[in-house]
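Report on the following structure.
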Amino acid sequence: MSVKRDENWEPQILAFCCNWCTYTGADLAGLNRMKYPENVRVVRVPCSSRVNPQFILRAFQKGCDGVLVCGCHPGDCHYATGNYFTRRRFMLMQRLLEYNGIDPKRFQARWISGSEAAKFRDTVTRVSQEIKELGPNKKFQEEWYSEGGAGNE
Amino acid sequence: MQFSYYPGCSMDTTGITYKLSIEYICSKIGLVLHEIPDWNCCGATAAHSKNKMLALALPARNLAQAEEEGLDLDVAVPCASCYSRMKHTVVAARQDENMRRKLEEIIGMPYKAKADVLNFLEIFSRPEMKRACQEKMYRTLKGMKVACYYGCLTSRPVEVTGASSTENPMEMDEIVALTGAEPVEWDFKTECCGASHQVDAPKAARPLIERIIRNAKANKAQAIITACPLCNLNLDMREGEINKAKGTRYDLPVYQFTELLAVCMGAGAKDIGIHKHFFPAFDLLNEYLRKAGD
Amino acid sequence: MDRCLNNRENAKALAARIAKDAGVDLQDCYQCGKCSGGCPMAGDMDLMPRQIIQYMRLGLMGDVLRSKSIWLCAACHTCVDRCPHDINLPGLIEGARMEAKRRGMIGVKEVDKFTDIFLENVKMFGKNQEVVLEGLYNVTTGHLMQDMVNVPHMLKHKIVGPELNTTKQAAEVKELMLRAQAAENERKRGEQ
Amino acid sequence: MSRIGVFVCHCGTNIAGTVDVARVAEAMKAEPGVVFATDYKYMCSEPGQQMVKDMIKEHKLDRIVICSCTPRMHENTFRKMLKDTDVNPYMLEIANIREQCSWVHTDKEKATEKAIALARMAVAKVGRDFPLFTSTIPIHKKALVIGGGIAGIQAALDIADAGYQVTLLEREPSIGGRMVMLDKTFPTLDCSACISTPKMVEVSAHPNIELRTSCELEDVSGYVGNFEVTIRQKARYVNHDICTGCGLCETKCPTKVISEFNQGMSERRAIYKSFAQAVPAKPVIDPDHCRKLQEGKCGVCQAVCPLKAINFEDKDTTFTDTYGAIIVSTGYQLIQWQDLYPEYGGGRFKDVISGLQFERLVNASGPTEGHILRPSDQTEPKDVVIVKCVGSRDPKKGKSYCSRACCMYAAKHAHQILEKIPDSNVYVFYMDVRTPGKGYEEFYDRTRKDGANYIRGRVAKIYKEGGRLICRGEDSLLGRQVTVEADLVILETAMVPADGIGEVVHKLGIAMDADGWVQEAHPKLRPVETQTAGVYLAGTCQGPKDIPDTVAQASAAAAKVCGLFSKSEMETSPMTSKVDQSKCCGCGHCEVCCPYKAITLVEIDDREGPKKIRRTVASVNSGLCQGCGCCAAACRTGAIDLLGFTNDQILREVDALCQ
């Protein structure tokens, strides 16, 4: 995929964060006045296992450039086993997206606990940087299909 | 039963009673040992304290020769130190393909690490070996209390030897019990004898021997049984020296376990070199064979 | 002697290299002393096996390399067998000994001599010759009469004799040893 | 059409300093459905809340969005506020523009843009909110306590004293657990039995406590307030309704069995009471050793029993009851050191004993009547070695954790030996001495002054020479190897979870950590709760601890239960999963992934065209559902959804953010 290098371009990044660990960690990052890029936006879900694969596809379809799914560390899930399902679903989903030509860097899963504010900051900062380097995502979008879809690549 | 056979450098000299008794048993029970044609030293403690690659390469040349023979047999090794070095090589070559290739390069021959390395305790622990020995034994050492001494290298490091226990192994006890002798419970089965430090650091190493003999004696053993030429030499040769130097009165002959088996199969003192021991070894055996009515 | 613990980066780097080669994380050790307690040679050691790790951790490598302990280790592996953290102490000691030898710091000359003669022996004959080994050892270390009392018994019972039992292709073994040395040097360079 | 009101909070300058709040409110006015938007200094303040209420009336708002701090802070505040209005408390969304916007960004322009996006996301979601109503479930005010050690006893008594019914379950024939085996307790040295047996008697006499010994947990279903528990009463072969506990049977029984209570150092009979003060004070028959039950011969006990209480035909029975809350207090046992430490003799030496064995040896009702005599030859030991951390702090052979109580009871053992045996010598091999507790460090001081020799190092080997045990180790403070010749060696071994804990945990649907200890809901803030509502923890089943901590935790668990029982009904969160049975295909994917067993497959009557059919569909028990939503993501037909976080709502949030 050709990437238009626009220095001012900011990616759109969605982070699905579980209420008990990562969302709390993100709040703690705020409480500690840590700084990270504005282009990361958090959607609060009760558990990372709530994240339906449909949400991720929709995000890419709507022009999102990267999606993060964050939950409690394996073994620490507030709902005991939810994040194990997240992990399995994530692996499948990432392979499916890769098969469809979406760089695996655009879809990542991370385990961040409620106390790991710095890890939250570092993670979103790095992911934001990585996706900035990849450039805008066009896959799955109307525009991409109308321009000829896969035939153009 | 057949094995490739790596005798090691001491078997013709200080390990002579081990060698003779093994040969005697082979002739009785039909165990066939194919000596590796032009074997070399395994490197012992010297090589691995100086040079890791050398420590792996010296045994590799022997193992590669055994493979070259095409007999497809596991390699029997009487000496605990040789056993340890050769087993290290097999494990290293199997775990790391690059290492195996590197070793082939150094020894200049193909080496596939197919054969296992076995010590004589492992071999004699096999049920069919025990059965074969039992069939050929007609004399008994009933009532003779012995302390089975295994040494370090047949058990440690356990990742290499795969030993069942590093503190209280029982294999030799079970084999020796076949002769009617009674293995005692004691606590220095796998304590180190000092190995070559008995020569190069005698002052520091001599207490190791004494501790072993003292514990065997304190637990009512009348003899110590070994499965290694160097362990045997260290205990056998130094016991008298310790008595002389410290005024102690230790009186435990030190046999190889194969000597007891051979004696019970009918071997005479000359056949297996009982008189070659430094510490007088004939009388005790004689006493118990007599008691049993021989 | 004052042992200032600051600014020991070089020594710590050396310690780290030795630890890495032995597959050891020095920070695993909590100094329980089970290694020293069970070490058969500890009675004559100037640094306890446990202390070797603490000295290495703090970068006091001089003390380690100068010690007798690294030469007295019998490599019996009792320490690592009982260690709660499975620390390969014999591996650390082996690494320290090679480093000490490279720098000519030899804590127990006899031990070094013995291994050198042993390997020379193997290089020459392919197999170890006990008579030659013991003889050369006594001569080079100056312990002329060591173990001579046992010689008559050995001769009488033909435990040892004047004839040598050598590997036929002894030259092959010698070449092997040279190649192994080269491989070892290469391995060490790769580490650094 | 929805009528949404948006309220943007300044939070003083916390938000307004970085975000142009007026612009956010202005932008929201353009969003579909929004009929009112404003900004205000402190939304959570009394006047702020009043303003919302007023605007609801004035503009007939039916949904509210508040742009403020994290919902974790004030979601409940605003929901409570809505209770007094016409708006359903669940028709509320909060946009987190403080913690996740104004505090983490510095560029005012970009922060304002992000705040607008977050507000838009909340507006999109709130548009799809619909009223939710909390339901209530009745609470059955009877508690089940599993395990009758000191933790279970304390918890049962506390709950019973508060006036609630309790069933105390114990798998052994008597309650009392480990504490009643102990001789004295540190640091006060009061007699363990003297302080625990009165509590045991109190349990048996308490009108609110139903004591069930020789019983095990068979099955658990239901949920907080309404657990259906099946209990297995193991056959005792003695009718406790008739038996008076006269003890004649015990004296006549010909079969001798190693005593578990005395840790293998004495014998009991096949018909037995575990110990003198056992509660209930009536015997049972050990079927594995009874001759009559094994071989059909004997029956002496039956012949001598004056009341004919012996019944060899006794069988296991089960019974079911309903409980509102469950406390797990299954306790600990000591690690099987014999298999792990061959260097300490691996159990070959009779005089190398565990700390619990020593407790029995030194106890006046123990096998030696309180005289410290070594097991091998019943002589009084003069030199005693105590080895700490056997199995604890040993990741290779045992457990990596510290067992917490051993440092103190090691000191107590040392003290007792020095006190009871004149001219004795005690050597304590330790790695660290850990005494965090009231009066503990002072007790350690005292033990040293009593004459105990503390040697810093772990024993490497124990061996035997001439009847003496030789302990070899390093004194790391000397930096030298030392040996101590001992007549008796006491190993202070690690605590591990009691056998069978795995089954209990599995049946209750709670969690264990890697070492098998029961997992608390939060290590700091919810230490006596589990992830399952209504199931609480007490004592060492949660991790190693000493008696004071155990009792404190037991009372804490009891307080939690009493708190639950103080209401006759409890509110449940309405944000649970819901199945649209017309869409459900009955595949069962949701059932598999539910951590709370809240989903079951049921058969319903349905129609396929004119035909009547039976169909399998999923059904959610909202009492059990905790609202994680794992099922909703697993559903292939979209039949199951999570109220409050529906697929539709989250998709709209995504759309709103990606504009």
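Keep in mind that what you see is a predicted model, and the values were worked out from it rather than measured. Note on naming: letters A, B, ... go to the chains in the order of the sequence lines (proteins, then strands), and numbering restarts at 1 for each one.
Both the backbone and the side chain of Q181(C) have a heavy atom closer than 4.5 Å to some heavy atom of chain B. For I107(B), the parts lying near chain C are the backbone and the side chain together; criterion is any non-hydrogen pair under 4.5 Å. Heavy-atom distances place the backbone of P37(B), and not its side chain, under 4.5 Å from chain C. A47(B) touches chain C through backbone and side chain together, each having a heavy atom under 4.5 Å away. Looking at V80(C), neither its backbone nor its side chain comes within 4.5 Å of chain B, counting heavy atoms on both sides. Of the atoms belonging to N128(C), heavy atoms from both backbone and side chain fall under 4.5 Å from chain B. Residue K168(C) touches chain B through both its backbone and its side chain, counting heavy-atom pairs closer than 4.5 Å.
In this structure the side chain of R61(B) reaches within 4.5 angstrom of the side chain of T167(C), judged on heavy atoms. Using a 4.5 Å heavy-atom cutoff, the side chains of E105(B) and R179(C) are not in contact. At a threshold of 4.5 Å between non-hydrogen side-chain atoms, the residues C152(B) and H77(C) do not count as touching. For the pair V173(C) and L58(B), the minimum side-chain heavy-atom distance is below 4.5 Å. Side-chain contact between V199(B) and Y137(C): present, with at least one pair of heavy atoms (C-beta onward) separated by less than 4.5 Å. Side-chain contact between H197(B) and V108(C) is absent, with no heavy atoms from C-beta onward closer than 4.5 Å. In this structure, the side chains of L176(C) and L54(B) come closer than 4.5 Å at one or more pairs of heavy atoms. In this structure, the side chains of K50(B) and K101(C) come closer than 4.5 Å at one or more pairs of heavy atoms.
For the set A182(C), A75(C), P40(C), the count of heavy-atom pairs under 4.5 angstrom toward chain B peaks at P40(C). Listed options L178(C), D112(C), I93(C), N121(C) were ranked by heavy-atom pairs under 4.5 angstrom with chain B; first place goes to D112(C). Comparing N185(C), T78(C), L133(C) by how many heavy-atom pairs each has under 4.5 Å with chain B, the most go to T78(C). Chain B forms more heavy-atom pairs under 4.5 Å with one residue of D116(C), V149(C), V160(C), T141(C) than with any other, namely D116(C). Of all the listed residues (G95(C), P90(C), C73(C)), the one sharing the greatest number of non-hydrogen pairs under 4.5 Å with chain B is C73(C). Counting heavy-atom pairs closer than 4.5 Å to chain C, the top residue among G240(B), P157(B), G273(B), S84(B) is P157(B). Comparing R97(C), K156(C), Q146(C) by how many heavy-atom pairs each has under 4.5 Å with chain B, the most go to Q146(C). Ranked by heavy-atom pairs shorter than 4.5 Å toward chain C, the options N40(B), L103(B), T17(B), I106(B) are led by I106(B).
Here NZ of K203(B) is found 9.0 Å from CG of L72(C). Values are rounded to the nearest 0.5 Å. In this structure, NZ in K102(B) is found 11.5 Å from CZ in R187(C), a value given to the nearest 0.5 Å. Taken to the nearest 0.5 Å, the CE atom of M177(C) stands 8.0 Å off from the CG atom of N51(B).
Proximity of a side-chain donor or acceptor of D38(B) to a complementary backbone N or O of Q169(C) within less than 3.5 Å is detected. A donor-acceptor pair under 3.5 Å links the side-chain atoms of K276(B) to the main chain of H157(C), judged by distance alone. Judged by distance alone, with hydrogens and angles left aside, the side-chain atoms of R156(B) form a donor-acceptor pair with the main-chain N or O of C76(C) at under 3.5 Å. Without hydrogens or angle criteria, E130(C) side chain to T13(B) main chain gives no donor-acceptor distance under 3.5 Å.
K127(C) and W39(B) make their closest contact through CE-O, 3.1 Å (heavy atoms, listed as atom of the first residue, atom of the second, distance). For M53(B) against A180(C), the heavy-atom pair with the smallest separation is CB-O, 3.8 Å.
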C41(B)/F118(C) under side-chain contact (heavy atoms from CB on, under 4.5 Å): CA gap, chis, key distance, verdict: CA-CA 10 Å; C41(B) 172; F118(C) 188 101; 3.7 Å; yes
side-chain hydrogen bond (donor to acceptor under 3.5 Å, both in side chains) between D81(C) and T166(B), worked out: CA-CA 8 Å; D81(C) 190 49; T166(B) 54; 2.5 Å; yes
Test log, rule side-chain contact (heavy atoms from CB on, under 4.5 Å), inputs T115(C) and T45(B): CA-CA 8 Å; T115(C) 44; T45(B) 35; 5.8 Å; no
Pair K109(C)-D200(B), salt bridge (Lys or Arg N to Asp or Glu O under 4.0 Å): steps then yes or no: CA-CA 9 Å; K109(C) 296 230 162 13; D200(B) 59 27; over 6 Å; no
side-chain hydrogen bond (donor to acceptor under 3.5 Å, both in side chains) between E94(C) and S49(B), intermediate numbers included: CA-CA 6 Å; E94(C) 211 169 88; S49(B) 70; over 6 Å; no
Working for side-chain hydrogen bond (donor to acceptor under 3.5 Å, both in side chains), residues E241(B) and N150(C): CA-CA 10 Å; E241(B) 291 178 19; N150(C) 294 312; 3.0 Å; yes
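Between R206(B) and D44(C) there is no salt bridge, since none of the side-chain N atoms of the basic residue sits less than 4.0 Å from a carboxylate O of the acidic one.
Heavy atoms from other residues, nucleotides or ligands lying under 6.0 Å from NZ of K174(C) number 12 at most.
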